[in-house]
Amino acid sequence: MTDTQVGIIGAGPAGLLLSYLLQLEGVDAVLLETRRREYIEKRVRAGVCEQPTVELLREIGVGGRMEEEGMPHHGLSLRFDGEDHRIALTELTGRSITVYGQQEIVKDLIAAHVDKGLPIEFEVSDVALHDLDTERPRVTYTDADGNARELNCAVIAGCDGFHGVSRPSIPAGGLRTFDHEYPFAWLGVLARTPPSHEELIYTRHERGFALHSMRSPEITRLYLQVDPRDTIENWSDDRIWAELERRLETTSADFTLREGPVLEKSITPMRSFVVEPMQYGRLFLAGDAAHIVPPTGAKGMNLAIADVRNLSRALTDLLRRNRTDRAESYSDTCLQRVWRAEHFSWYMTSMLHTDPQADEFQHRLQLSQLRYTASSTAAATSLAENYVGLPFD
Ligand code: FAS
Ligand code: PHB
């Protein structure tokens, strides 16, 4: 039986950053993670850090390697009708993004925990939450050695992602869900080959969406829109490269898709999902446990980071100053940014993906939106300010 102030479920970006922020404020927390450390440090996911994310990680002293290895980007291209249209992110907003893999942020946050001797319990199982509507909620679980454990807390933070145990622990009627599925998924590829362009390229093509991104000067990250019922077994490396060649075709002479050994490939379904409120009693939800966005807007991880910045402030006020106002407004505060990111991610997805159920009228609307965004400073600025990340409130 142990006691702590905050029991955190899940060591993804949300749980790790929350744990670190709380300890900086002198709030005691225990972090429980089902997977092994090696597994979560290798899990390939997001790649784009908004400017507020970069500034926060730098501010708390966890941004050193990101400074050295991250790649600041000042623009991106929309490719349609075979032509590139650059959105000058920094020129339009004075802000930028940094391309730095989510697993690198996870590694940096775990290293920061180890440096400070902060507790992370990996390979736990049978996690269950109890007494959420009391001031002494509990977490029961089996630890890595197979021992039954109980954690008595003042607060539980559910940072265990979309498939975690926290959200389902809330009794029926305790929250409202908003769910929207898309008729497409993303096939993601990590390849050992230098990027074919210095910036990201979002492509709308009759055959489907494609995205050119990267992880380093030697590693390219690419995505293809596929049918949600498709399986990775249908996609040989050769077929992937051939499809990318077709969708990334362009009239601009200086683009050649550089192929190379595929290091990882997987298919991720696409959905928009939000729960309201992001709290029940002494359980607070953050990150993918509370919301999911289609990755077209590069918002998922950044939203998780924004949530836990709010949550660490709310819990520090509650547990160290006995002030409840931030905890009471936590959900409303987060949901402002969540719904903005949901809309932007839906907007980018709708503008760039080829919907098999869409009619010619809808295809024309899509092309009109792209041409307007590429030719209007006002429209390009709106895309840019959402993409680089609106300032934290
Ligand atoms: P996470 O899912 O990252 O972390 C939750 C953690 O909780 C995991 O480590 C899990 O093992 C653990 N956990 C689960 N159940 C538990 C339990 N019962 N007890 C203890 N621990 C438990 N976003 C982008 O911006 N761009 C992308 O390209 C992109 N690609 C993605 C690809 C995939 C396959 C997925 C699933 C997501 C992708 N995302 C992307 C979104 C992703 O980056 C998330 O937004 C981000 O991981 C959110 O972080 P967390 O909320 O910490 O959740
Ligand atoms: C990535 O590099 O993984 C990435 C970039 C932009 C997105 C989604 C994913 O919108």
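In listed order, ligands and their atoms are each counted from 1. None of the values given here were measured: they were computed from a predicted structure.
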_For atom 6 (C) of ligand 2, the protein heavy atom that lies nearest, with its residue and separation_ = Y202 OH, 3.3 Å
*In the protein, which heavy atom is nearest to atom 5 (C) of ligand 1, and how far is it?*
C159 O, 3.4 Å
*Using a 4.0 Å heavy-atom threshold (strictly under), name the region of R215 that reaches ligand 2: side chain, backbone, both or neither.*
side chain
*For atom 2 (O) of ligand 2, what is the nearest protein heavy atom, given as residue, atom name and distance?*
S213 OG, 2.6 Å
*asked:* Are any of the N/O atoms on R35, whether in the backbone or the side chain, positioned under 3.5 angstrom from an N/O atom of ligand 1?
replied: no
_What protein heavy atom lies closest to atom 14 (C) of ligand 1? Include the residue and the distance to one decimal._
D160 O, 3.3 Å
Show me, pair by pair, the donor-acceptor contacts under 3.5 angstrom made by side chains of residues 171-180, not counting sequence neighbours?
| unit_1 | atom_1 | unit_2 | atom_2 | d |
| --- | --- | --- | --- | --- |
| D179 | OD1 | R271 | NE | 3.3 |
| D179 | OD1 | R271 | NH2 | 3.4 |
| D179 | OD2 | R271 | NH2 | 2.9 |

*What residue and heavy atom of the protein are closest to atom 51 (O) of ligand 1, and at what distance?*
D288 N, 2.8 Å
_ligand 1 to R43 polar contact by distance, N or O atoms, under 3.5 Å_ = yes
_For atom 34 (C) of ligand 1, closest protein heavy-atom neighbour_ = T268 OG1, 3.3 Å
*Where is the nearest protein heavy atom to atom 24 (C) of ligand 1: which residue, which atom, and how far?*
A46 CB, 3.3 Å
*Of all the non-hydrogen atoms in the protein, which one sits nearest to atom 42 (C) of ligand 1, and at what distance?*
Q102 OE1, 3.7 Å
*Name the closest protein heavy atom to atom 4 (C) of ligand 2, giving the residue it belongs to and the distance to 0.1 Å.*
Y223 CE1, 3.9 Å
_Heavy-atom nearest neighbour in the protein, as seen from atom 8 (C) of ligand 2, with distance rounded to 0.1 Å_ = P295 O, 3.2 Å
*asked:* Between ligand 1 and P13, is the shortest N or O to N or O distance under 3.5 Å?
replied: yes
*With heavy atoms only and a cut-off of under 4.0 Å, state how T34 meets ligand 1: side chain, backbone, both or neither.*
both
*Heavy atom of the protein closest to atom 11 (O) of ligand 1 (residue, atom name, distance)*: E33 OE2, 2.7 Å
*Spell out, yes or no, whether F273 and F344 are grouped together once hydrophobic residues are joined by side-chain heavy atoms under 4.5 Å, including indirect joins.*
no
*Atoms of ligand 1 less than 4.0 Å from G287 heavy atoms?*
51 (O)
_Close-contact set for ligand 2 against L200 heavy atoms, below 4.0 Å_ = 5 (C), 6 (C)
_Parallel, tilted or perpendicular, judged at 30° and 60°: which one describes the rings of Y223 and W186?_
tilted
_For A289, which part has a heavy atom under 4.0 Å from ligand 1: side chain, backbone, both, or neither?_
neither
*Could you list the atoms of ligand 2 found under 4.0 angstrom from a heavy atom of T296?*
10 (O)
*Under 4.0 Å, heavy atoms only, figure out whether ligand 1 is touched by the backbone of Y223, its side chain, both or neither.*
side chain
*Proximity of Y182 and W346 rings by center, below 6.0 Å*: no
Residues 9-23 side chain polar contacts: donor-acceptor under 3.5 Å, at least two apart:
| unit_1 | atom_1 | unit_2 | atom_2 | d |
| --- | --- | --- | --- | --- |
| S19 | OG | H113 | NE2 | 2.7 |
| Q23 | NE2 | A29 | O | 3.3 |

*For residues I110 and R37, determine if any side-chain heavy atom of one lies less than 4.5 Å from a side-chain heavy atom of the other.*
yes
*Counting only heavy atoms, which portion of L303 has something under 4.0 Å from ligand 1: side chain, backbone, both, or neither?*
neither
*Examine H85 together with F80 and report whether their ring centres are nearer than 6.0 Å.*
yes
*asked:* Looking at E104 and R65, is there a salt bridge between them, counting it only when a charged N and a carboxylate O are closer than 4.0 Å?
replied: yes
_Suppose I only count heavy atoms of L32 and a 4.0 Å limit; which atoms of ligand 1 are within that range?_
20 (C), 21 (N)
*Which bit of A14 gets closer than 4.0 Å to ligand 1, counting heavy atoms only: side chain, backbone, both or neither?*
both
_Lys NZ or Arg CZ of R167 over F162 ring: under 6.0 Å, within 45°_ = yes
*Determine whether the side chain, the backbone, both or neither of L211 has a heavy atom under 4.0 Å from any heavy atom of ligand 2.*
side chain
*Return yes or no for this condition: an N or O of W186 is under 3.5 Å from an N or O of ligand 2.*
no
*asked:* Can you see whether Y39 has R35 sitting over its ring - NZ or CZ less than 6.0 Å from the centre and within 45° of the normal?
replied: yes
_Quick test: of every protein heavy atom, which one is nearest to atom 30 (N) of ligand 1, and how far off is it to 0.1 Å?_
R45 C, 3.9 Å
*asked:* Show the atoms of ligand 1 that are less than 4.0 angstrom away from any heavy atom in M301.
replied: 25 (O), 45 (O)
*atom 5 (C) of ligand 2: nearest protein contact (heavy atom, Å)*: V48 CG2, 3.5 Å
*Does some non-hydrogen atom of Y100 fall short of 4.0 Å from ligand 2?*
no
*At a 4.0 Å threshold, what atoms of ligand 1 neighbour a non-hydrogen atom of I9?*
19 (N), 20 (C)
*Consider ligand 2: state whether an atom of it lies below 4.0 angstrom from any non-hydrogen atom of M348.*
no
